[in-house]
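In what follows, chains are A, B, ... by sequence order, proteins preceding strands, each numbered from 1.
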4 protein chains.
Amino acid sequence: MPKVTVEHRAARHDQIVAAARRCAIEQGFHKTTMADVIRESGLSAGAVYGYFKSKDELVAAIADQALSTVDKLFEGILATDQPLTPVAALEATLEHVVQIAEQPGGDVTRVALQAWAEAMHNDAIAGIAREKYTLLRRKFVAVAERGQADGTIDADTDPEYIGQVLFALIPGFLLQRLLLGDVSPRSFSIGLSALLK
Amino acid sequence: MPKVTVEHRAARHDQIVAAARRCAIEQGFHKTTMADVIRESGLSAGAVYGYFKSKDELVAAIADQALSTVDKLFEGILATDQPLTPVAALEATLEHVVQIAEQPGGDVTRVALQAWAEAMHNDAIAGIAREKYTLLRRKFVAVAERGQADGTIDADTDPEYIGQVLFALIPGFLLQRLLLGDVSPRSFSIGLSALLK
Amino acid sequence: MPKVTVEHRAARHDQIVAAARRCAIEQGFHKTTMADVIRESGLSAGAVYGYFKSKDELVAAIADQALSTVDKLFEGILATDQPLTPVAALEATLEHVVQIAEQPGGDVTRVALQAWAEAMHNDAIAGIAREKYTLLRRKFVAVAERGQADGTIDADTDPEYIGQVLFALIPGFLLQRLLLGDVSPRSFSIGLSALLK
Amino acid sequence: MPKVTVEHRAARHDQIVAAARRCAIEQGFHKTTMADVIRESGLSAGAVYGYFKSKDELVAAIADQALSTVDKLFEGILATDQPLTPVAALEATLEHVVQIAEQPGGDVTRVALQAWAEAMHNDAIAGIAREKYTLLRRKFVAVAERGQADGTIDADTDPEYIGQVLFALIPGFLLQRLLLGDVSPRSFSIGLSALLK
DNA sequence: GATGAATGAGTTTTCATTCAT
DNA sequence: GATGAATGAAAACTCATTCAT
């Protein structure tokens, strides 16, 4: 009965990650104890350790999940054959970010923030962050290149630089959203539009 | 050692914060133990606890210090009577950020990142972050207003929105600098210029 | 070791209390460290803290146990339907006190003495002491009332007062026994008899 | 200038003991820290340690003082040539106890209670307690002997036993006073009188 | 496989005492 | 002598992890 077991295992795995994520959203990675996760997941200590060899591994899994949130963007709004202006690309991305943040189960972007901090001294998490964010930024480089191709963006500038700036607006939005709480995809796209005029 | 001057106390205080900061830069707030700080500071446990009642209080002090790093901007580049374009304001700010990051004693911006994460579940730190960042963002709102006044920026847009976008570039820069390591104030100002053209 | 019975838990609980009591008898509540209790109990730190959230809670448990020693009196000598004279009631009680004090495992009355001191600034312990001693004193009030009923004690006196006096002899005996070591239930009953003659 | 210094030293000594006693009344010997005593005394750490080599020595001094409270009885009510009945001796003693307890500066009898507990594992304090209480009890033995001499007490009983019983009423009173708070010298003398009738 | 009680190294914190000024 | 900052050993307590049942 391998299939059943595999599915069962996957379900358990997700159950633990979800529980751990809920804890991390509330209290952060470090104030969250394994006992918290065990309680929240409704499983036993032994069960949890059957899926994650250590707390570090579990933390990495939650961080990974939070950072991998951007993956869905690639299959959606930023799929390469759509001709997007910088403003449109940004607004679509921020709307996606907000949608993810508002999903039931708690605001994952808070976990992403933690993952950034963790990446400073955790190579596994740093690697994931680097990978995901390099990929996402590349999409904005592509947006810049397209703009240069159709003449709406100065063609003499390294599109990489333009991508850096456009990409920067995402963590910049996220931080303001979590810390100050007074930004929205709309306010950002309006603000950016005004600058580009 | 009685009759100690206020300066002496302040010096000791800073000595401890500096030691703690070095630890936090290396390992983060939470992997840093009080024993680490005590060893690094060259003081005794009792001495450290004479200045900070708990680890939490010490963490708050380091976070505060890291976030207060932006204060110097106000007395410098962003002093209100200089007519700065958005690009100039951004570049000056980012250069200041890099300069701070490269100061001997370790990259404080890594601590700022931790402070963001901590702010998610620590009201004291959240309060400081909110205060500092609101103030800094206001400077960029002022830059936008000046641009609107002299006709270089669309006057019909809420300058608050423009300030949000410009301010967003700072954490966006910082994160890319720490995570991807391939950005610079120059690349950012070039990228932003290209968009504004 | 999962699926542990309630009896097992109770046994562990008692094992810890017994160890702590032995320590408290030797060195008092305060000179006894958790490390002492842990060593004496043969368990680990974590195990002990699994049963008692703090040292204070453990101290309260030992104090409670020591004060609850008098409970057995109620089911024995002082059971209400036996017609006891004051002298008989006292002697029976003191004999019980001595018997308890001489039980293997150490003299619990030494712990009771500590509990009195502790009750001065520990409301939980004060509450228990008040409860137990009020109940015990009531038995002596009953003895007085019986004496008044059968004419052996002056009927015009508030039996409460007589109970106070009779009850006082118990801590008075205990203290002399522990401090001076030259009293016995016999010497007390002889002394009281002489006064009553 | 030895006399001035000696008096000054004595004053300082008492100032420290008084401060320590106030602390001990509030929180007990063990919860009282040297820092508490230092603060309460208004002196410096060094000064306090100039008078008492260690906390143990200071505790012994407070305990001694609290136990020595009974000394005044000998010069007063129990002075040997007064012909006292047991009831009169008891009431006078209890009145003295209450008067001492109600003196400004806090209820010293609470400290005496602590001293009893401490005596269980502190030989110095045990010695003092033994000495003082032996002496006090002897007074009650004398009262018994006088009663035997004038025929009011059975002459065939060892007066030592009678003294034990009478003396027992003092700690028994004290404990009820501190723990239950519903006894008085009057209620005790009435209760004892009733029994002796 | 699952359980969860038990482990014990490691952490934070306290506090009696000292000693440089 | 007096001061009180500093000391550091020792205390209370935590928590990731294991393993007997």
Using whole Å, report how far [atom1] of [X] lies from [atom2] of [N].
X	N	atom1	atom2	answer
D/Leu43	F/dG1	CG	P	14 Å
C/Met34	E/dT11	CE	C1'	16 Å
C/His30	F/dA11	NE2	C1'	14 Å
C/Arg39	E/dG8	CZ	P	15 Å
B/Ile38	E/dG10	CD1	P	16 Å
D/Asp56	E/dT17	CG	C1'	13 Å
A/Lys31	E/dT12	NZ	C1'	14 Å
C/Arg9	E/dA5	CZ	C1'	9 Å

How many angstroms lie between atom OG1 of B/Thr32 and atom CD1 of B/Ile25, to the nearest 0.5 angstrom?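 Here the rounded value is 10.0 Å.
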Any A/Tyr49 side-chain nitrogen or oxygen under 4.0 Å from OP1 or OP2 of F/dC19: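 Indeed not, no polar side-chain atom of A/Tyr49 lies that close.
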Phosphate OP1/OP2 of E/dA6 contacted by C/Arg12 side-chain N/O (<4.0 Å):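 Yes.
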Given E/dT7, E/dT3, E/dC15, identify the nucleotide with an atom nearest to the side chain of C/Ala47.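 Taking heavy atoms from C-beta onward, the closest nucleotide is E/dT7.
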Counting only side-chain heavy atoms from C-beta out, which of E/dT12, E/dA5, E/dA16 sits nearest to D/Lys55?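 Given the options E/dT12, E/dA5, E/dA16, the side chain of D/Lys55 is closest to E/dA16.
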Examine C/His30 together with D/Phe29 and report whether their ring centres are nearer than 6.0 Å.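 Aromatic pair excluded; centres sit 6.0 Å or further apart.
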May I ask you to decide if A/Val108's main-chain N or O and A/Arg21's side chain share a donor-acceptor pair within less than 3.5 Å?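 Not at all, since once roles are kept as given, no pair shorter than 3.5 Å links the two residues.
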For DNA chain F, whose closest nucleotide is more 5', that of B/Val48 or that of C/Ser54?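 The 5'-side residue here is B/Val48.
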On DNA chain F, does the nearest nucleotide to C/Ala45 precede the nearest nucleotide to B/Ser44 from the 5' side, or the other way round? Give the residue.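 That would be B/Ser44.
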Mark yes or no: A/Arg9 above the aromatic ring of A/Tyr51, with NZ or CZ under 6.0 Å from the six-membered ring centre and no more than 45 degrees from the axis.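 Judged by the rule, A/Arg9 and A/Tyr51 form a cation-pi pair.
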Counterpart base for E/dT7, defined by Watson-Crick or G-U wobble contacts under 3.5 Å: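 F/dA16 - that is the nucleotide pairing with E/dT7, both distances being under 3.5 Å.
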Which one is paired to E/dT21, where only Watson-Crick or G-U wobble pairs with both distances under 3.5 angstrom count?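 Pair assignment: E/dT21 / F/dA2.
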Indicate, with a heavy-atom threshold strictly under 4.0 Å, whether C/Gly46 touches base, sugar-phosphate, or nothing.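 Counting heavy atoms under 4.0 Å across all strands, the contact made by C/Gly46 includes a base.
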Does a salt bridge link C/Asp36 with C/Arg39, judged by any charged N lying under 4.0 Å from a carboxylate O?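 Yes.
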